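Have a look at the structure below before the remarks.
What you see is a predicted model, and the numbers here were worked out from it, not measured in a lab. Throughout, protein chains are lettered first and strands after them, A, B, ... in sequence-line order, and every chain is numbered starting at 1.
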Protein chains: 2
Amino acid sequence: MARMSTRPPQRVTIAHVAEEAGVSRATVSRVMNGLATVDAEIGKRVREAAAKLNYSPSTVARSLAIGRTQTVAIVVPDLANPMFQETLRGLNRAAAREGYRVLVADSIENPEEEVILAREARRRCDALVLVSPRMEPEVLAELLPELSPVVLVNRESPAPGVPSLAVDYGSGIRSVVKELERLGHRRIAYLAGPDGSHGNQARMAALQPPVPSAPQPEFVFIPCGAMFEDGYRAREAVLGSGATAAVCFNDLVALGLLGALHEEGVAVPGRLSVTGFDDIPFARFASPALTTVSVPQTQLGEQAWARLWDLLNGRDPEHDLTVTPRLEVRASSGPPAAEAANAP
Amino acid sequence: MARMSTRPPQRVTIAHVAEEAGVSRATVSRVMNGLATVDAEIGKRVREAAAKLNYSPSTVARSLAIGRTQTVAIVVPDLANPMFQETLRGLNRAAAREGYRVLVADSIENPEEEVILAREARRRCDALVLVSPRMEPEVLAELLPELSPVVLVNRESPAPGVPSLAVDYGSGIRSVVKELERLGHRRIAYLAGPDGSHGNQARMAALQPPVPSAPQPEFVFIPCGAMFEDGYRAREAVLGSGATAAVCFNDLVALGLLGALHEEGVAVPGRLSVTGFDDIPFARFASPALTTVSVPQTQLGEQAWARLWDLLNGRDPEHDLTVTPRLEVRASSGPPAAEAANAP
DNA sequence: GGCGTAGAAGAAACCGATTTCCCCGCCTAC
DNA sequence: GTAGGCGGGGAAATCGGTTTCTTCTACGCC
């Protein structure tokens, strides 16, 4: 008896609105979807009834009926990484323009998890964006068909029909090295990323001299990682290597190293040049501002959406894209110190 | 006639599996959901049929039938801000443990958009997390009932029954000021955040002396903003203010300012102490490491999930939480220069 | 005036699952 | 020997929309 007049006891459905307006459910549906063939008077009545009951159609039921969820998913290896956050942001922004929403799945750097997540996320959505999975190529190739429509980011497509947006890591790393070479560096440390990482393998490969005899700086490879902490901890190894410049796997590592060097009072770039990769938003504002290679990750997210949108509409997506990152010379790189770097 | 044996022409439904296994759809459903009361032999047959057809149940249909989507949404004002990224990450991680997925909606700092987004996002999901909207309190109060179940983050709840996770910005800003006071600073600049921001208002209020006559450092208020660029551009205003310390609205502003100061060769903290707010991951690794106030944003995301989970299960959520942020003294703050700061 | 047709709205099928309800067969107890 | 109980599985209702198909009305044209 004490039922409040506010908030109907349970969800308002299309049937309630139909009854209130004295029409059929079909008509309510037509009105809600703006189908033209409805009498103005009836349309008004339906809209009033809907407003009165505070009706809002169930997206789930609608999705089931029309066979689309208007949602896409993105699977990333680590939501804590600014790179993937940028991709997510770009995708989200672009998808929102078309009325689509984005579901996030974070594998937390767990490759097996990644496969399950991708499958599961795909089933909930109309399409999928897979960002640089640590996944083995064979596993990936087998998985992709059942994920379609899907777009691959930060990785080249191993399967036809799956658009991909890759980054030319090799070219990026070479542009950094070339700049350091130009500045006079002859012994360069490379702070390597995670072993399994596709991006790291590409960078390493680019550091091998194309012609063994070609004059080229000497490289010291230091196993490191992909996070701040990894770079921070690498200080001693870098300083002990005798290198005059440190090329870091990514900006996070570079910034971690920068912090450690600053604490120790090591001058950058006076004593050691430091370079990053990715050009995350912080890179410009580091002290000193970080020389790095700019990967337009937000745009990759937007491009991923464009491909997905094509696939969703049955169009052939634009051709695969390989982004060539641009060198951003800032204050953290400079000529090597005049003194020999190997002095203790 | 050339139909490939791979990939059935259209989606495999429960009916196909039922037919293949020679049982009813009800039985297939029972098997798929692990209901105990199914003969072992039949269970095996169903599973084999499902595997053979590569069946995976439609989440949409399932959601409609059981009335839950196993998805929650989060609405944030700006996905580019590390704070909200952390909240998203915490929420995502916690929700994943319970088999829930997270949908992201980014209002891109647009308050009207925020209302629409929140409504729309909520309809697609079982529940909603609303992060520190710029929304007017009245608008919010009116909106909240129809969003339920919903949890508010970074803001106090204006409605009973809506759990909230707030941050005691006042206490945070006072702890910074107290530390600077202890170090001997007498003239402090406050680089203010966006006007409409709830967080900024709380910080400003905390800077008003509780007793007008109480001895307290002098404050210079400098309108600034919430982003890197804002801090970067504020350099001249800060240097011209005669303050020996700059208390920044957040870490982004502080890091922007730090970058600008570094370029100009201004010693930090020698010539000027700089403090931030939030303790974003980068703060520790800035050069110099940023003195700031630590807001455990990832935990807020996890706590938000805990509240949501309670609501979803019809339990009373744990009481509202007001996090008192912790001062993190690092290298960017120190005693003021001996010389008068006002000298040109 | 009659017939053909277009336009508007309702009835019912459908999307793909879950779940209630009921029936059937077998086992046990009286 | 029969009744009652129980467990397993199928038929059908249900979730809340969309859409096709059908019906009815009214209009225009010959």
*asked:* Both B:Leu64 and B:Arg45 contact DNA chain D. Taking the nearest nucleotide for each, which residue is further toward the 5' end?
replied: B:Arg45
*Can you run down the salt bridge (Lys or Arg N to Asp or Glu O under 4.0 Å) pairs that involve residues 12-25 of chain B, sequence neighbours left out, and say none if there aren't any?*
B:Glu20-B:Lys52
*When the distance from NE2 of B:His16 to P of C:dA17 is rounded to whole Å, what number comes out?*
9 Å
*Sub-4.0 Å heavy-atom contacts from residues 54-63 of chain A onto DNA chain C, ordered by number*: none
*Please name all residues satisfying side chain to side chain donor-acceptor pair (under 3.5 Å) with B:Arg155, sequence neighbours left out, ordered by chain then number.*
none
*Measure the distance from CZ on A:Arg11 to C1' on D:dC15 and round it to the nearest whole Å.*
11 Å
*Got a sec, which residues hit side chain to side chain donor-acceptor pair (under 3.5 Å) with A:Gln297, two or more places apart in sequence or on another chain?*
A:Thr87, A:Asn154
*Go along nucleotides 22-28 of chain C 5' to 3' and tag each nucleotide: B for a protein heavy atom under 4.0 Å from its base, S when only backbone or sugar atoms are that close, - otherwise.*
-------
*Does the B:Asp106 side chain pair with the main chain of B:Leu79, one donor and one acceptor, at a distance under 3.5 Å?*
yes
*Taking everything shown except A:Glu142 itself, do over 12 heavy atoms lie less than 6.0 Å from its CD?*
no
*Looking only at atom types and distance, does a side-chain atom of B:Thr322 sit under 3.5 Å from a main-chain N or O of B:Val167, one as donor and one as acceptor?*
no
*Does A:Arg315 offer a backbone N or O that forms a donor-acceptor pair with the side chain of A:Asn313 under 3.5 Å?*
no
*Mind checking the CZ-CG spacing from B:Arg307 to B:Leu152? Nearest 0.5 Å is all I need.*
12.5 Å
*Out of curiosity, A:Leu312 CG to A:Asp126 CG, how far, rounded to the nearest 0.5 Å?*
6.0 Å
*Measure from CZ on A:Arg123 to P on C:dC15 and round the result to the nearest Å.*
20 Å
*Which is true for A:Val28 with a 4.0 Å heavy-atom rule: it touches a base, it touches only sugar-phosphate, or it touches nothing?*
nothing
*List the steps and the verdict of side chain to side chain donor-acceptor pair (under 3.5 Å) for B:Thr298 and B:Glu86.*
CA-CA 5 Å; B:Thr298 311; B:Glu86 286 299 304; 2.5 Å; yes
*Quick one: does A:Arg124's side chain have a donor or acceptor within less than 3.5 Å of a partner on B:Thr69's backbone?*
yes
*Whole-Å distance between D:dG7 C1' and B:Ile42 CD1?*
12 Å
*Of all the choices, C:dA17, D:dT18, C:dA9, which nucleotide is nearest to the side chain of A:Asp39 once you look at every atom?*
C:dA9
*Quickly work out the A:Glu19 CD to C:dG10 C1' distance and round it to whole Å.*
16 Å
Measure all distances between protein nitrogen or oxygen atoms and nitrogen or oxygen atoms of nucleotides 19-27 of chain D, and list the pairs falling under 3.5 Å.
none

*What integer distance in Å separates A:Ile14:CD1 from D:dC15:C1'?*
13 Å
*N or O in side chain of B:Ser24 less than 4.0 angstrom from D:dG10 OP1/OP2*: yes
